[in-house]
Chemist: 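I have a structure I would like to understand better, so I am pasting it below and will then ask my questions one at a time.
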Amino acid sequence: MINRRQMWSHTTCEIHEVPTGYVPAIEEGVEFYRADYRERVIEAIAFAIDKGEKFDFEAPLITAKGRECWVRSIGEAEFIDGRCIRIIGSIQDIHERKRMEERLKSVSDSIPGVIFQYILYPDGTDQFRYVSKGSIQLLGLTPEECMADSRLTWSQAAQGGEMERVKNSLDESAKTLNYWTCEWRVLTSQGKIQWREGLGKPVKKMDGTIVWDALIMDVTDRKNLESLLEQSTRMAKIGSWELDISKKPFRFNGSKTTGSILEISKTNGIVLDEILDRFVGSSRELARRSIQDLIQHGTGFDEELELIPGSGNRKWIRCIGQAQQVKGEIVSAVGSIQDIHERKLSELNLKSLLLERNTILESIGDGFFAIDRNYVVTYWNKQAEKLLNMPRENMVGKNLWEGLKKTQWYRFHDNFRDALESGNVFYFEDYLADFQSWFSISAFPSVSGLTVYFKDVTENKKAQEEIRQSNDRFERVSEATNDAIWDYQISEDKLYWGKGFTTLFGYDLKEVNPTWQLLIDLIHPQDRDRVVSTFHIAQTDPETSFWNEEYRFEKVDGTFAYVIDRAVFSRNETGSAVRVIGAISDITEQKKFEVSLKNLNKNLKKQASELAVSNAELEQFAYVASHDLQEPLRMVSSFLSQLDRKYRDKLDEKAQKYIHFAVDGATRMRQVILDLLEYSRIGKEEHDLERVNLEEVIFEVTQLQAQLIKKKKAKIRFEGITEITGFKSPILQVFQNLIGNALKYSKDDVPPVIDITCRDEKNHWLFSVKDNGIGIKEEYYNKIFIIFQRLHAKQEYTGTGLGLAIVKKIVDGLGGKIWLESEYSVGTTFYFTISKSTK
Ligand code: ADP
């Protein structure tokens, strides 16, 4: 104090973190203490100097290196002549201990309760010590206030009026030195009831003082919960029971609630069997077995059972039983009993509802599944299994998208999410290639999630597509055809007109609105009633599918077209016509043609009948002429022969020449008459069908012409079918004429070669007679078949011009035809046919 210096030991320097040998000034030492403690330090030292007493304090230092360090400083002043010459002291590093204390304090301060030490002295006085900050919360007093005045603390704690109990429990603990526990009620300054629980361990000191390290906690919440539990047990109708198994018969003791559940007034000491007998149905056996297992093996149970209580109405209860064992031996059985009748009924109800719903969901043809808000599948029906090929086990309880990840359903992910979020029902149709199907899907959001109905609508789609295509086809057909197509949907009274109404009748389909009435109005008034009536008859007859009618139809220019209208009816299962499609063809041209054809026919018929008359007359005439002319002609020729014979010598050469001409003329005339007669006779004779050998026929002809053949060195050949069925004499006559002509019209210097053939031509026989004669110019091809038509003078080739006419008439009569091919001066081929079906 004289030099105003301090002398620090090595350790003191270390504590202050200054180099050893450091000599601070007196004031400097104080400076090392933390600012908030300096005052106290100075005070303590000043006090020591003044009073000559020791000082001993704890305070934090700030070392030279700026570290905080708690120290305990003890010192004493030395005096000479009443004057303080020096202060000697020690300094101790208590930093670790201090920190522990601090930590402990902060822990005890943060505990939801108050920690304290309570001291009861033998003289009955008491004191609170080490009170933690929790006192503010619990008692409304600071720790300092509590420590200062125990009476204040008690009065504060006694607000709820239960202090007597707390004091008693403490006295008890003091007497027995047992652990102190107590629960009491307090009334807060806000008028709220709170609950406290106190715990503490008493220790008795030598002098009889008792010290508790104790804790008081706010247990209001726990207390409230407990009372809530109690209330709810009462409300949940839970009763308790206990089974006395110390002696037989076992007796049942129940709580009040148990009594009200079982509807019995006496609840204690009931023989167990009486209780068990109240159970009904399968519950009785179950109850008996459960109790047995409980008593014998200690197996607890929890069953829902049905019984008939006192009132006689069946009731469902839940019964829980547990065994109490001491050293492995069952000493009693306890349990609870709860009235669950309402719940059970609604549960059973729900079950049957659920069952019903499930049967419905399983039996519907639609796929159905349900998911919760986390997309976990809660239901998956059979149809869904089938349509999505996904078994129920793989889906129920799992995430929907996990299950459907690999399928194209995944594309609905966002739609489902939207439905869930927006709460809007959503519906769509989509084609999923991996199922090769069209699906229609409806998703209904609810609070619990999403229910989804879906079905395979591929068939529908196909049908729709088919309808679309067939409509399309119909449209195109109606465009492609020349007819005017109309389509009448009877039930809807809708009429469609095809393009034909424009092309055939000039109606602009953009302007005209076709109706059934319009169609009828356009029918010519003279035809309308007939058309409407036959249509009506066809429409109302379920058996009729087709209708057609000819009528006149008014064109846009007011003129009428002749049309034929053909219609087809579509009928429903009851046979009534629902739709009718018609095609109107314009037959105006045909109609005109028909009319002119009819006229032509009329004329032809007239001409034919006229011709028949003249033919008959001609034949009559020919017959008469040939017959009646024979006689005078024979006379002329016989008298001319007489004249020639008797007066030849007397007549000069000229007269003889005249006679010769006259005889020749008569002979030729006779031939003409014979030929004519033959011609007119053709077709009048009856012939019989017979086998005709053509080789024989030709042989007969050559016999008749033998002389000429020999003279001309002619060759006649035959090839082909040799035998046919027909009329022999007309055939012979035909060949006689054709072979005769071939021989006659041969070239002078070339011997005739005549080739005859016969071929089978299905419906007729085809013959040909070919020569190498003089030929015929084409312009005469037709002329030669007319009677008396000849191409040569009689001096050149003899003949009457009737041969081919006769042939033609015969061939006609045999249902055949005759024609020729010829090259002038090369040769001619005559062809003719004979029908196989001649009468
Ligand atoms: P005709 O008695 O004159 O032979 P036809 O009726 O038999 O009368 O013949 C008519 C005419 O057809 C003949 O005058 C002849 O000019 C011609 N004619 C018929 N057959 C032949 C033939 N094979 N070759 C050339 N001309 C023929």
Side-chain angles (χ1 to χ4, degrees), residues 618 622 625-626 629 633 664-683 697-698 701-702 704-705 707-709 711-718 729-758 766-814 816-833:
L618 199 72
S626 48
L629 281 175
L633 188 62
D664 184 51
T667 316
R668 275 197 299 117
M669 182 150 181
R670 187 170 168 265
Q671 189 57 48
V672 170
I673 290 168
L674 282 175
D675 283 355
L676 252 181
L677 207 58
E678 195 184 328
Y679 179 81
S680 65
R681 259 205 303 266
I682 293 167
V697 169
I698 288 155
V701 175
T702 52
L704 288 168
Q705 307 271 3
Q707 252 184 314
L708 196 55
I709 290 168
K711 189 179 142 206
K712 292 209 172 187
K713 299 195 181 81
K715 222 184 246 169
I716 299 177
R717 300 185 293 213
F718 174 78
S729 73
I731 293 170
L732 180 77
Q733 220 174 337
V734 170
F735 276 110
Q736 205 176 328
N737 274 295
L738 292 177
I739 294 169
N741 278 352
L743 289 169
K744 184 162 40 163
Y745 300 107
S746 65
K747 282 180 267 191
D748 283 343
D749 45 352
V750 184
V753 176
I754 304 165
D755 283 306
I756 300 162
T757 68
C758 174
L766 172 66
F767 299 90
S768 69
V769 179
K770 183 183 175 188
D771 63 44
N772 57 346
I774 57 170
I776 302 167
K777 288 185 180 158
E778 202 175 338
E779 65 245 50
Y780 302 124
Y781 281 5
N782 290 325
K783 198 180 170 190
I784 54 174
F785 292 107
I786 298 167
I787 48 171
F788 303 132
Q789 293 292 334
R790 308 198 63 238
L791 304 179
H792 305 277
K794 66 171 174 12
Q795 295 84 353
E796 256 181 300
Y797 299 97
T798 58
T800 57
L802 269 159
L804 288 177
I806 289 168
V807 167
K808 182 164 165 37
K809 203 176 172 193
I810 293 171
V811 170
D812 283 349
L814 295 175
K817 273 184 202 145
I818 181 158
W819 69 98
L820 68 140
E821 284 169 6
S822 181
E823 199 175 333
Y824 191 63
S825 78
V826 173
T828 307
T829 308
F830 279 91
Y831 297 94
F832 69 96
T833 59

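All heavy atoms count here, side chains included; hydrogens, waters and symmetry mates do not. Along the sequence shown, residues are numbered consecutively beginning with 1. In each ligand, atom 1 is the first atom listed, and ligand 1 is the first ligand listed.
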Chemist: Under the ring pair (Phe, Tyr, Trp, His ring centres under 6.0 Å) rule, collect the residues that match up with F788, sequence neighbours excluded.
Modeler: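 Listed in chain order: nothing, the list is empty.
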
Chemist: For the pair F735 and F767, name the ring-plane relationship: parallel under 30°, tilted 30 to 60°, perpendicular over 60°.
Modeler: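 Ring orientation of F735 relative to F767: perpendicular.
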
Chemist: Which residues satisfy the side chain to side chain contact (heavy atoms under 4.5 Å, CB included) test with K711, sequence neighbours excluded?
Modeler: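 If we apply the side chain to side chain contact (heavy atoms under 4.5 Å, CB included) test to K711, skipping adjacent residues, there are no hits.
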
Chemist: Tabulating one pair per line, provide the atom names and distances (0.1 Å) for every N/O atom of ligand 1 that is less than 3.5 Å from a protein N/O atom.
Modeler:
{"unit_1": "ligand 1", "atom_1": "2 (O)", "unit_2": "T800", "atom_2": "N", "d": "2.8"}
{"unit_1": "ligand 1", "atom_1": "2 (O)", "unit_2": "G801", "atom_2": "N", "d": "3.0"}
{"unit_1": "ligand 1", "atom_1": "3 (O)", "unit_2": "Y745", "atom_2": "OH", "d": "3.1"}
{"unit_1": "ligand 1", "atom_1": "3 (O)", "unit_2": "R790", "atom_2": "NE", "d": "2.3"}
{"unit_1": "ligand 1", "atom_1": "3 (O)", "unit_2": "R790", "atom_2": "NH2", "d": "2.8"}
{"unit_1": "ligand 1", "atom_1": "4 (O)", "unit_2": "K744", "atom_2": "NZ", "d": "2.7"}
{"unit_1": "ligand 1", "atom_1": "4 (O)", "unit_2": "Y745", "atom_2": "OH", "d": "2.7"}
{"unit_1": "ligand 1", "atom_1": "6 (O)", "unit_2": "G803", "atom_2": "N", "d": "3.3"}
{"unit_1": "ligand 1", "atom_1": "6 (O)", "unit_2": "L804", "atom_2": "N", "d": "3.0"}
{"unit_1": "ligand 1", "atom_1": "7 (O)", "unit_2": "N741", "atom_2": "OD1", "d": "3.2"}
{"unit_1": "ligand 1", "atom_1": "7 (O)", "unit_2": "N741", "atom_2": "ND2", "d": "3.1"}
{"unit_1": "ligand 1", "atom_1": "8 (O)", "unit_2": "G801", "atom_2": "N", "d": "3.3"}
{"unit_1": "ligand 1", "atom_1": "14 (O)", "unit_2": "Y745", "atom_2": "OH", "d": "3.0"}
{"unit_1": "ligand 1", "atom_1": "14 (O)", "unit_2": "L791", "atom_2": "N", "d": "3.4"}
{"unit_1": "ligand 1", "atom_1": "16 (O)", "unit_2": "H792", "atom_2": "NE2", "d": "3.0"}
{"unit_1": "ligand 1", "atom_1": "20 (N)", "unit_2": "N741", "atom_2": "ND2", "d": "3.2"}
{"unit_1": "ligand 1", "atom_1": "23 (N)", "unit_2": "D771", "atom_2": "OD2", "d": "3.0"}

Chemist: Is the count of non-hydrogen atoms from other residues, nucleotides or ligands lying under 6.0 Å from Q789 atom CD greater than 12?
Modeler: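 More than 12 heavy atoms, drawn from other residues, nucleotides or ligands, come within 6.0 Å of this atom.
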
Chemist: Pick one: which of I709, D771, I716, L743 meets side-chain contact (heavy atoms from CB on, under 4.5 Å) with P752?
Modeler: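 The single option meeting the side-chain contact (heavy atoms from CB on, under 4.5 Å) with P752 is L743.
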
Chemist: Got a sec, which residues hit ring pair (Phe, Tyr, Trp, His ring centres under 6.0 Å) with F830, two or more places apart in sequence or on another chain?
Modeler: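 Ring pair (Phe, Tyr, Trp, His ring centres under 6.0 Å) check on F830 returns nothing, list empty.
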
